[in-house]
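Read the structure below first, then the notes.
Below, read A as the first sequence line, B as the second, and so on, with proteins coming before strands; counting in each chain starts at 1.
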Amino acid sequence: MILESHGDACRLGYLRLIACLLEDGSQRSFDFLASVLYDMLRNLEFYEPLTQKPTGLITRYVNARNYVTLAAEMGFIDRASQTIGEFGKIYLCLDSADKFRGFVEGRSIPSLNDIITLNDAEKFFFLWVLLNRDYPMIQHVLRWIIEKRSFTRQEAMNQIMEEFYPISLRKVLSTLNGRRREQIMREIEEAEGFRKRRLQMGDKISWIKSSQYAKYRHIAPPRLEWLVDCGILKRIGRGKYEIRENYLKSRTEILKLISLKPAKLDNHFFNEFVKLFSKSFSTANRYEILKTMIEVYERLRTLFGDEVNLSTLEYLTILVLMERGKFADLKMIHGSFNSLALKFPDKIYVIPGRKKNMNIAYINVEEIEV
DNA sequence: GATGTCGGCCGGGTATCCAG
DNA sequence: CTGGATACCCGGCCGACATC
């Protein structure tokens, strides 16, 4: 679960830049990343102003820093080593990373709009990351959204902070130890009294000025905004949200998806779930699948070395195909991989990985002719 | 001192309500 | 019904404080 969040950090798109900044594998302090990020962005608006400004734009060094923290929480940065994290690496294998890589390397200047909007594949990618990294908070929020369909920011804040926040904290408590655990235990105790204390507050003015409300603002609204970026919610007017039509239609499948723990959800996400949206893409043929898969393999190999997880390769192939307007489901991709492995048994093979249920894919790219 | 976390302040946009 | 006043609160900004 994402424990550190800040009201400033509402736009997921910025995380892509942070991944690019860490691509070479070197260690970078949070502070350094924040200042580079801030410097890169400071004059952007000048070139191509936005027609309407969303919340969460980076305008100061301090909020750039809040995004760096979010990147760590989202697994884009590995906190311990201050180098690129797993999800950051995976992101870098998408086609879209090229645009931001160009920006980071000073070859091109994107518009501010490019920086904050996500393409369809990226929307799925970030939703997948959220389901993994913000478990179980985001699952609670999603379930509630599906029931409510439309709601105000205000009621969502109360619901999230007074119901889901303490429940979720309790759930992650067992994964923590030492001082962190103590801290969270105190936090849970406090959170369980949130509603009571809010209702005790006489007038709304002092409520909004209260420290409790400030805390609400830092924890609840960013999650709603992340879901806006992922294309699940849309904002209607000030402080109001509504679920997008296509997500409402797939209600049962989504309820199934959010009932799964992170360890179980990946397969369901890239199998049953993304399939619901396949209509907006044309079907990929075997040649396209294999060509894309090998490209993705090469990218993964650069970042992960010899240990390319077969599942990651397959998931990413789905996403990159989407970026190219194509769709293939997991079965098709798996089948394509296997048929190629049969044809070139010495150049493509799978070996068991170190973790349970993990397989390492190996492809001798130079000698494969698709 | 550096780094990370918390939370208060307040400008200004927006919804709402009321008078005409 | 409509235009204007006003209460409300969103969201940006930044400083204080804690911890390493």
Please report how far the helix from B:dG1-C:dC20 to B:dG20-C:dC1 bends, comparing the axis fitted to its first five pairs with the axis fitted to its last five, to the nearest 10 degrees. 10°

State whether the number of non-hydrogen atoms from other residues, nucleotides or ligands found under 6.0 Å of A:Arg324 atom CZ is greater than 12. yes

Is there a side-chain contact between [X] and the phosphate of [N], meaning an N or O under 4.0 Å from OP1 or OP2?
X        : N      : result
A:Gln212 : B:dG7  : no
A:Tyr213 : B:dG8  : no
A:Arg65  : B:dG4  : no
A:Arg235 : C:dG11 : yes

Return the CG to CD1 distance between A:Leu142 and A:Ile243, rounded to the nearest 0.5 Å. 8.0 Å

In whole angstrom, give the distance that lies between atom [atom1] of [X] and atom [atom2] of [N].
X        : N      : atom1 : atom2 : value
A:Lys215 : B:dC6  : NZ    : P     : 6 Å
A:Tyr216 : C:dG11 : OH    : C1'   : 18 Å
A:Leu3   : B:dT5  : CG    : P     : 10 Å
A:Arg223 : C:dG11 : CZ    : P     : 17 Å
A:His6   : B:dG7  : NE2   : C1'   : 8 Å
A:Asp8   : C:dC10 : CG    : P     : 16 Å
A:Leu70  : B:dG4  : CG    : P     : 14 Å
A:His218 : C:dG11 : NE2   : P     : 13 Å

With no hydrogens and no angle check, do the side chains of A:Tyr91 and A:Ser96 hold a donor and an acceptor under 3.5 Å apart? yes

Verify whether one side chain among A:Gln139 and A:Tyr135 offers a donor that lies under 3.5 Å from an acceptor in the other. no

Show each protein N/O and nucleotides 10-13 of chain B N/O combination with a separation under 3.5 Å, one pair to a line.
residue, atom, partner, partner atom, Å
B:dG13, N2, A:Arg238, NH2, 3.2

Residue pairs passing the ring pair (Phe, Tyr, Trp, His ring centres under 6.0 Å) test where at least one lies in residues 270-293 of chain A, sequence neighbours excluded: A:Phe124-A:Phe277, A:Trp128-A:Phe270, A:Tyr247-A:Phe277, A:Phe269-A:Phe273, A:Phe270-A:Tyr315, A:Phe273-A:Phe277

Taking only residues two or more places apart in sequence or in another chain, which ones pass side chain to side chain donor-acceptor pair (under 3.5 Å) with A:Glu105? A:Arg107

In short, salt bridge (charged side-chain N to carboxylate O under 4.0 Å, His left out) pairs touching residues 126-146 of chain A with sequence neighbours left out are A:Asp134-A:Arg223

Applying salt bridge (charged side-chain N to carboxylate O under 4.0 Å, His left out) as the test, list every pair that has at least one member in residues 165-176 of chain A; sequence neighbours left out. A:Arg170-A:Glu192

Between A:Glu245 and A:Lys249, is the closest basic N to carboxylate O distance under 4.0 Å? no

Among B:dG8, C:dC10, C:dG11, which is the nearest nucleotide to the side chain of A:Ala214? B:dG8

